[in-house]
Amino acid sequence: MKALVNYFHPLERIKRQRKHYLNTVQLPQYLADLVDQPCPALSELACDLDYLVLDFETTGLDSDVDLILSMGWVEMKKGKVDLATANHVFINTESQIRPETAVINHITPQMLSDGVAIHDAMTAFFDTAKGKVLVAHGCMIETNFIIQYLKAHYGLHQLPLLWLDTLCIEKHLGKAINQEALDVTLSATRTRYGLPEYNGHNALIDAVATAELLLAQQKRLVNKNNVSFSQLFKLSQ
């Protein structure tokens, strides 16, 4: 019975997806290396894994028509945010910045003209992501823009990566205590955990803020045996 339950666990499902994907899809070597990484065991503790926490600033939420303006990420190792690994890149694009977007994220045309090509940024990101669990607050945005990039450059429609979504985790924790109208924005969620207020709408600052939030969520879930990664992953679905 336990084996059957484990078989349908979302973490075991993505293991099978990765194996099938590698056997059926022709990938560039650096993407194949990324997917061909071992998944954590169901019993593995969350604190023992490495994470890459990221955030994108974009011209909008529609990945079909909008563009990535900047990408920020930072690594987490052994339960600590490693600020020495922090990376923040602006994406060089010929598109006009929408005035309402510039007001929100303070990204100017000059920043973009001095930025890097999207392919260089994505290559650096995928290289850093190798062997790590990806983390974002509301990861659907980052996921959709990554998929759009892969579709445009390689004709791929998905990539079976491991994601933790701190927004989904918070929603599940809220439901567990019957808080249906819970504000799960990054800033409001951090406030509930007593974390300091940061200036938002900066990709790197939001990535660091999300990393700190994940640590706080793990502490909330901890028991005498510590929280398992499979528990966090299930809460992210």
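We count residues from 1, following the sequence as given.
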Should Val81 and Val53 be marked as a side-chain contact (heavy atoms from CB on, under 4.5 Å) after you check the CA-CA gap, both sets of side-chain angles, and the distance that decides it?
CA-CA 9 Å; Val81 182; Val53 191; over 6 Å; no
Count I, L, V, M, F, W, Y as connected when their side-chain heavy atoms are under 4.5 Å apart, and connections chain through other members. Are [X] and [Y] then in the same cluster?
X	Y	value
Leu204	Ile68	no
Met140	Leu67	no
Leu214	Tyr198	no
Val25	Leu31	yes
Leu52	Ile14	no

Enter the distance from [X]:[atom1] to [Y]:[atom2] here, rounded to the nearest 0.5 Å.
X	Y	atom1	atom2	value
Asp62	Asp64	CG	CG	5.0 Å
Leu27	Leu22	CG	CG	6.5 Å
Met122	His153	CE	NE2	9.0 Å
Gln231	Asn226	CD	CG	10.0 Å
Ser70	Asp55	OG	CG	7.5 Å
Glu44	Cys39	CD	SG	10.5 Å

Of all heavy-atom pairs between [X] and [Y], which one has the smallest distance, and what is that distance?
X	Y	result
Ala203	Glu57	N-CG, 3.7 Å
Ala207	Gly72	CB-O, 3.7 Å
Asp165	Gly138	OD1-N, 2.8 Å
Asp206	Leu186	O-CD2, 3.9 Å
Thr185	His137	C-NE2, 3.6 Å
Leu232	Gln218	CD1-CG, 3.7 Å

For [X], the option from [options] that meets side chain to side chain contact (heavy atoms under 4.5 Å, CB included):
X	options	value
Val74	Asn87, Thr85, Thr210	Thr85
Leu162	Arg18, Lys15, Gln37	Arg18
Met76	Asp82, Leu215, Asp50	Leu215

Any non-hydrogen side-chain atom of [X] less than 4.5 Å from a side-chain atom of [Y]?
X	Y	result
Ser63	Ile147	no
Leu134	Cys139	no
Leu54	Val135	no
Ile146	Leu159	no
Leu161	Leu34	yes
Met71	Ile91	yes
Gln217	Leu213	yes
Leu42	His9	yes

Indicate the ring-plane relationship of Tyr154 and Tyr149, choosing parallel, tilted or perpendicular according to the 30° and 60° boundaries.
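Correct class here is perpendicular.
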Do Leu61 and Ile141 pass the side-chain contact (heavy atoms from CB on, under 4.5 Å) test, and can you show the C-alpha distance, the side-chain angles, and the key distance before you say yes or no?
CA-CA 7 Å; Leu61 301 179; Ile141 294 174; 3.7 Å; yes
When you measure from the side chain of [X] to the backbone N and O of [Y], does any donor-acceptor pair fall under 3.5 Å?
X	Y	value
Asp127	Thr123	no
Lys130	Phe126	no
Asn23	Lys19	yes
Tyr21	Gln158	yes

The test is side-chain contact (heavy atoms from CB on, under 4.5 Å); show your working for Val133 and Trp163 and say whether it passes.
CA-CA 6 Å; Val133 178; Trp163 285 91; over 6 Å; no
Where at least one partner belongs to residues 33-79, residue pairs that pass ring-ring contact (aromatic ring centres under 6.0 Å, His included), sequence neighbours excluded:
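ring-ring contact (aromatic ring centres under 6.0 Å, His included) check on residues 33-79 returns Trp73-Phe125.
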Looking just at side-chain N and O atoms, do [X] and [Y] make a donor-acceptor pair shorter than 3.5 Å?
X	Y	result
Arg192	Thr189	yes
Gln29	Asp33	yes
Tyr193	Glu170	yes
Asp66	Thr59	yes

Ion pair check, Arg190 and Glu212, cut-off under 4.0 Å
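Glu212 and Arg190: salt-bridged.
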Walk me through whether His88 and Asn202 qualify under side-chain contact (heavy atoms from CB on, under 4.5 Å).
CA-CA 9 Å; His88 190 202; Asn202 173 284; 3.5 Å; yes
